[in-house]
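The structure appears below as structure tokens.
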Amino acid sequence: MTHELLLNAALDVAERGWPVITLHPGSKRPTGHPERACPGTGRCAGGHLTPEQRATTDLDLIRAAWAARPFNVGIATGPAGLLVLDLDPLKPGEPIGAPDGATSLQALCERAGETVPTTYRTRTARGGEHLYFTSPPGVRLKCSVDRLGRHIDTRGWGGYVVAPGSTTPTGNYVVTDDAPVAELPTWLTELLRDAPKPAVSRVVPVRDGTRAAQVALERECDVVRGATEGGPDGRNNTLHKSACKVARFVAWGHIPRHVVEEAIQAAGESTGLPPAECRTTIRSAIEWVLRAAGPRETA
């Protein structure tokens with residue numbers, strides 16, 4: 001019965017016009033070989049094909065594939081014209097009170113004075129959420145990690161999501177709201193657009209606060225300016241971590257908040273992050289630390 005359910009899940013996705021990729025049974029990993037092990041034969045005779053390039057809406061091909069094995073179902077988000085918000089739950093070992101993806105999205109909306117429209121939603125195996133949106137015409141939004149906030153990832157071009165009906169050892173993917181897929185709001189689109197890096201990095205000198213706080217702020221600004229595009233050490237994630245570290249000195253009264261915000265904002269913008277995204281990430285980090293931190297203990 002599970003085999004038939006997975007086939008039906010794949011057909012349902014394809015009938016929506018969303019290209020399907022095969023995932024290993026019980027897994028989130030795409031099938032096929034990595035580029036480094038590509039044999040250069042068969043479908044890859046003209047060059048290695050990524051899972052995104054192999055995705056299909058051909059119902060006959062899908063029936064043939066799922067007749068062979070009970071694959072989990074993946075959706076190639078870019079070719080599907082989708083941008084999916086992936087709201088992750090907290091991971092084991094994270095501090096109590098840290099924001100999960102849903103909390104971060106709520107805070108982002110409150111700061112922006114905006115709301116997220118009703119749209120197609122699914123629950124992930126670990127209890128997170130996928131919110132499906134159609135991408136704006138003519139805009140190729142890439143995947144991102146923590147760019148909108150802690151535990152908010154996005155899946156667009158170059159990525160995929162696990163479709164409802166799929167199952168893993170940690171749980172199942174199920175539809176929680178079968179509403180029509182809404183258009184991605186303009187304000188979220190602007191936060192996710194790639195911005196060109198400035199020709200010259202703007203460095204704001206630190207002239208206020210204790211010496212220890214000044215040194216910490218200057219050090220973290222250097223860390224932010226050296227951040228790269230994505231991943232756990234990506235620009236937004238690094239910006240959040242560095243803001244949290246310096247926010248402790250704000251909580252202790254060792255440096256004014258506006259001094260920290262101005263300096264780290266400049267460092268974040270120097271990496272090419274949009275100003276609005278920098279402000280959102282920095283304020284989220286500082287406010288979280290101020291809520292959680294108590295007075296500094298003295299010997």
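Because only heavy atoms are used, hydrogens play no part in the values below, and waters and symmetry mates are left out as well, while side chains stay in. In what follows, residues are counted from 1 in the order of the sequence shown.
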Is a donor on one side and an acceptor on the other found under 3.5 Å between the side chain of [X] and the backbone of [Y]?
{"X": "Arg155", "Y": "Thr77", "result": "no"}
{"X": "Thr119", "Y": "Tyr132", "result": "yes"}
{"X": "Glu218", "Y": "Val215", "result": "no"}
{"X": "Thr271", "Y": "Gly268", "result": "yes"}
{"X": "Arg193", "Y": "Glu190", "result": "no"}
{"X": "Ser166", "Y": "Asn72", "result": "no"}
{"X": "Thr280", "Y": "Ala276", "result": "yes"}
{"X": "Asn172", "Y": "Val174", "result": "no"}
{"X": "Ser270", "Y": "Ala267", "result": "yes"}
{"X": "Trp66", "Y": "Glu4", "result": "no"}

Any chance you could measure [X], atom [atom1], to [Y], atom [atom2], to the nearest 0.5 Å?
{"X": "Thr154", "Y": "Phe133", "atom1": "OG1", "atom2": "CZ", "result": "11.5 Å"}
{"X": "Arg150", "Y": "Asp100", "atom1": "CZ", "atom2": "CG", "result": "11.5 Å"}
{"X": "Leu85", "Y": "Leu184", "atom1": "CG", "atom2": "CG", "result": "7.0 Å"}
{"X": "Thr189", "Y": "Leu83", "atom1": "OG1", "atom2": "CG", "result": "7.5 Å"}
{"X": "Thr22", "Y": "Leu6", "atom1": "OG1", "atom2": "CG", "result": "12.0 Å"}
{"X": "Arg126", "Y": "Lys91", "atom1": "CZ", "atom2": "NZ", "result": "5.5 Å"}

Review point. Side chains of Gln265 and Glu269: donor-acceptor distance under 3.5 Å anywhere?
Key: yes
Practice item. Using distance alone, with no hydrogens and no angle criterion, decide if Asn237 and Arg147 have a side-chain donor and acceptor under 3.5 Å apart. Key: no
Could you tell me if the side chain of [Y] sits less than 4.5 Å from the side chain of [X], heavy atoms only?
{"X": "Val13", "Y": "Arg16", "result": "no"}
{"X": "Pro136", "Y": "Leu141", "result": "yes"}
{"X": "Asp146", "Y": "Ile152", "result": "no"}
{"X": "Thr124", "Y": "Val162", "result": "no"}
{"X": "Ile286", "Y": "Arg257", "result": "yes"}
{"X": "Thr56", "Y": "Pro19", "result": "no"}

ILVMFWY cluster, [X] and [Y] together (side-chain gap under 4.5 Å):
{"X": "Tyr160", "Y": "Leu11", "answer": "no"}
{"X": "Leu90", "Y": "Leu108", "answer": "no"}
{"X": "Val224", "Y": "Phe249", "answer": "yes"}
{"X": "Val223", "Y": "Leu217", "answer": "no"}
{"X": "Phe71", "Y": "Val20", "answer": "yes"}

**Study point:** Atom CD of Glu15: over 12 foreign heavy atoms under 6.0 Å
**Key:** yes
How close do [X] and [Y] get, heavy atom to heavy atom, and via which atoms?
{"X": "Cys278", "Y": "Leu239", "value": "CA-CD2, 3.8 Å"}
{"X": "Ala14", "Y": "Ile62", "value": "CB-CD1, 3.4 Å"}
{"X": "Asp60", "Y": "Asp58", "value": "N-OD1, 2.9 Å"}
{"X": "Arg111", "Y": "Ser284", "value": "NH2-CB, 3.6 Å"}
{"X": "Glu52", "Y": "Gly158", "value": "OE2-N, 2.6 Å"}
{"X": "Pro79", "Y": "Ala76", "value": "CD-O, 3.5 Å"}

Practice item. Dump the intermediate steps for salt bridge (charged side-chain N to carboxylate O under 4.0 Å, His left out) on Asp222 and Arg225, then the final yes or no. Key: CA-CA 5 Å; Asp222 286 340; Arg225 283 190 287 268; 2.6 Å; yes
Practice item. Begin with the C-alpha distance, continue with both residues' side-chain angles, and end with the deciding distance and a verdict on side-chain contact (heavy atoms from CB on, under 4.5 Å) for Cys221 and Ile264. Key: CA-CA 6 Å; Cys221 284; Ile264 295 190; 4.0 Å; yes
Check your understanding: How are the rings of Tyr120 and Trp18 set relative to one another: parallel (under 30°), tilted (30 to 60°) or perpendicular (over 60°)?
Key -> perpendicular
